[in-house]
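Inspection log for the structure reproduced underneath, given as structure tokens.
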Amino acid sequence: MLIFCRRVTINKPELLQKKGPLLLACNHPNSFLDGAILADLFDEPIHSLARGDVFKKPLYSKLLKSLKIHPIYRTSEGVENLNINYQTFTVCKEIFRQNGIVLIFSEGRCINEWHLRPLKKGTARIAFSAWDADIPLEILPVGINYSSFRRFSKNVFINFGEVITMHDVDLNHADGKRYQSFTNRLADQLQQLVFEIDKNDAQKQKQLLERKPSLFARIILFIPAVLGFLVHAPLYLPVKSFTYKRTWNNDHFDSVLVTLVLFYYPLYLILLIAAVILLTHNFLFLFLAAALPFTAWAYVQLKPQLDKPGATTPLA
């Protein structure tokens, strides 16, 4: 995560220590990475809700649930599956009763863009389900923004809004009216937290998303960065090419790339270090276990940060 997230900027970092019962209502620009980054940053464990169709295979379902990920179905994924949502709502209420945290992506769909899309009613349904059960649930709006969707390593901007409680809504209205009122309140907050940038607006991207390293950092990190690129290119470039061929027509490039690197990078390091030790018969080269990731970190500090306007192909 230190390599992939070049820099993380959080407007209210003290909220990362917040405990439940809490529902994080977040936008969804970058597939499972949105949840992975938030889960890594929060002190308390986070349960996430994910699109139900990925739970169809029993093995996947078991794996995802072991990672505290629970299914939520949209109408487009089959009306016959909507009853499973009520089971998930019950699971969420049990998590809240234990002062746990649940993350929901209120837009209901992942699209790589700097834009807030219309919100689904799932967030409202979970909130009122908890409040009707006398659970003092709080809802925390979260806007997550990335400097790029096609470059490895990101500047990540996480903006927290103001907590919404049961005292901020009228619990006595009919479901349709109170769901809409809550969703409007949540959307108003998220609109302020999510960056609104046209993909072809290079100037605004540069202004809001780029964080240039200092001259001192560029001088100090230049040689380690060059070494980092040369050492890691034999792993990264083939993985990037493979990932693009599998994800060129969807919004999961970053997620697949990071997952592959997560699994293959430790193996790559082990093989590289073992080869050096076998050639030199010197176990002092074990220090490379720390030195090589540092060179990768140095490279991502100096490399270009932004997508080219309208870019759809992966960049270094």
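Hydrogens, waters and symmetry mates are skipped; everything else that's a heavy atom, side chains included, is used.
- Ile273 and Leu284 are not part of a single hydrophobic cluster, where members link through side-chain heavy atoms under 4.5 Å apart.
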key: Working for salt bridge (charged side-chain N to carboxylate O under 4.0 Å, His left out), residues Glu162 and Lys12   = CA-CA 10 Å; Glu162 299 297 327; Lys12 301 177 183 178; 2.8 Å; yes
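- Not a single donor-acceptor pair under 3.5 Å links the side chain of Asn145 to the backbone N or O of Val194.
- Expressed to the nearest 0.5 Å, how far CZ of Arg178 lies from CZ of Phe128 amounts to 5.5 Å.
- Trp131 and Thr165 get closest at one heavy-atom pair: CZ2-C, 3.5 Å.
- With Leu24 as the partner, the side-chain contact (heavy atoms from CB on, under 4.5 Å) test is satisfied by one option alone out of Ile139, Ile104, Leu140, Leu15: Leu140.
- Side-chain atoms of Leu272 and Val231, non-hydrogen and from C-beta on, do get closer than 4.5 Å to each other.
- With a 6.0 Å radius and a threshold of 12 heavy atoms from other residues, nucleotides or ligands, Leu271 has its CG atom above the threshold.
- Phe263 and Tyr236 fall into different hydrophobic clusters, defined by Ile, Leu, Val, Met, Phe, Trp and Tyr side-chain heavy atoms under 4.5 Å apart, directly or through other members.
- The local environment of CZ in Arg211 is crowded, with over 12 non-hydrogen atoms from other residues, nucleotides or ligands closer than 6.0 Å.
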ask   = Under the ring-ring contact (aromatic ring centres under 6.0 Å, His included) criterion, do Phe149 and Trp114 qualify, and how do the steps go?
value = CA-CA 10 Å; Phe149 298 109; Trp114 300 287; 5.3 Å; yes
key: Test log, rule salt bridge (charged side-chain N to carboxylate O under 4.0 Å, His left out), inputs Glu138 and Lys18   = CA-CA 11 Å; Glu138 295 182 328; Lys18 195 167 179 59; 2.9 Å; yes
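- Side-chain atoms of Asp168 do not come within 3.5 Å of backbone N or O of Ile164 as any donor-acceptor pair.
- With Glu107 contributing its side chain and Leu119 its backbone, the two residues share no donor-acceptor pair below 3.5 Å.
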query = So Asn282 and Ile277, side chain to side chain contact (heavy atoms under 4.5 Å, CB included) or not? Walk me through it.
reply = CA-CA 5 Å; Asn282 189 339; Ile277 291 175; over 6 Å; no
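- Shortest non-hydrogen contact noted between Ser106 and Thr123 is OG-OG1, 2.7 Å.
- Remark: the Ser31 side chain and the His252 side chain contain an N/O donor-acceptor pair separated by less than 3.5 Å.
- Arg6 places a side-chain N or O within donor-acceptor distance of the main-chain N or O of Gln301, the cut-off being under 3.5 Å.
- Looking at Lys121, its side chain never comes within 3.5 Å of a backbone N or O of Gly176 through a donor-acceptor pair.
- Taken from CH2 in Trp248 to CZ in Phe253, the straight-line distance is 14.5 Å, to the nearest 0.5 Å.
- Both Ile223 and Leu230 are members of a single hydrophobic cluster when ILVMFWY side chains are connected at heavy-atom separations under 4.5 Å.
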Pair Asn27-Phe105, side chain to side chain contact (heavy atoms under 4.5 Å, CB included): steps then yes or no = CA-CA 5 Å; Asn27 64 316; Phe105 299 108; over 6 Å; no
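- In the hydrophobic clustering of this structure, Leu279 does not group with Leu227; members are Ile, Leu, Val, Met, Phe, Trp, Tyr whose side-chain heavy atoms approach within less than 4.5 Å, directly or through other members.
- More than 12 non-hydrogen atoms from other residues, nucleotides or ligands lie less than 6.0 angstrom from CG of Leu262.
- In this structure, the side chains of Ile158 and Asn11 stay at 4.5 Å or more apart for every pair of heavy atoms.
- Distance check: Ile95 CD1 to His47 NE2 gives 4.0 Å after rounding to the nearest 0.5 Å.
- Note that the CD1 atom of Ile69 and the CD1 atom of Ile46 stand 11.5 Å from one another [nearest 0.5 Å].
- Side-chain atoms of Asn184 and Tyr179 include no donor-acceptor pair closer than 3.5 Å.
- Within the 4.5 Å cutoff, side-chain heavy atoms of Lys206 are placed close to those of Lys212.
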request  = For Asp254 and Lys154, run salt bridge (charged side-chain N to carboxylate O under 4.0 Å, His left out): C-alpha distance rounded to whole Å, both residues' side-chain angles, the deciding distance at 0.1 Å, then the answer.
outcome  = CA-CA 10 Å; Asp254 273 341; Lys154 318 287 182 188; 2.8 Å; yes
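- For the atom pair Leu306 CG and Ser148 OG, the distance stands at 7.5 Å (nearest 0.5 Å).
- Using a 4.5 Å heavy-atom threshold, the side chains of Phe42 and Ile101 count as touching.
- No more than 12 heavy atoms of other residues, nucleotides or ligands shown are found within 6.0 angstrom of NZ on Lys19.
- Nearest approach of Asn30 to Ser255, heavy atoms of both residues: O-OG, 3.6 Å.
- Ile3 and Ile270 end up in different hydrophobic clusters when Ile, Leu, Val, Met, Phe, Trp and Tyr side chains are linked at under 4.5 Å.
- Side chains of Asn155 and Gln305: a donor-acceptor N/O pair is present below 3.5 angstrom, by distance only.
- Here Gln180 contributes atom CD and Asp175 contributes atom CG; the two are 12.5 Å apart, rounded to the nearest 0.5 Å.
- Side-chain contact check for Val239 versus Val261: some heavy-atom pair is nearer than 4.5 Å.
- A side-chain donor-acceptor contact under 3.5 Å links Glu196 and His115.
- Taking the six-membered ring where the residue is Trp, Phe229 and Tyr299 present tilted rings, their angle falling between 30° and 60°.
- Between Lys93 and Ser129, the closest side-chain pair of non-hydrogen atoms falls below 4.5 Å.
- More than 12 heavy atoms of other residues, nucleotides or ligands shown are found within 6.0 angstrom of CD on Glu14.
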request  = With ring-ring contact (aromatic ring centres under 6.0 Å, His included) as the test, would you mind laying out the steps for His232 and Tyr265 before giving the verdict?
outcome  = CA-CA 9 Å; His232 294 89; Tyr265 188 40; 5.3 Å; yes
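- Side-chain contact check for Leu103 versus Leu38: some heavy-atom pair is nearer than 4.5 Å.
- With a 4.5 Å cut-off on side-chain heavy atoms, Phe157 and Ile144 do not count as touching.
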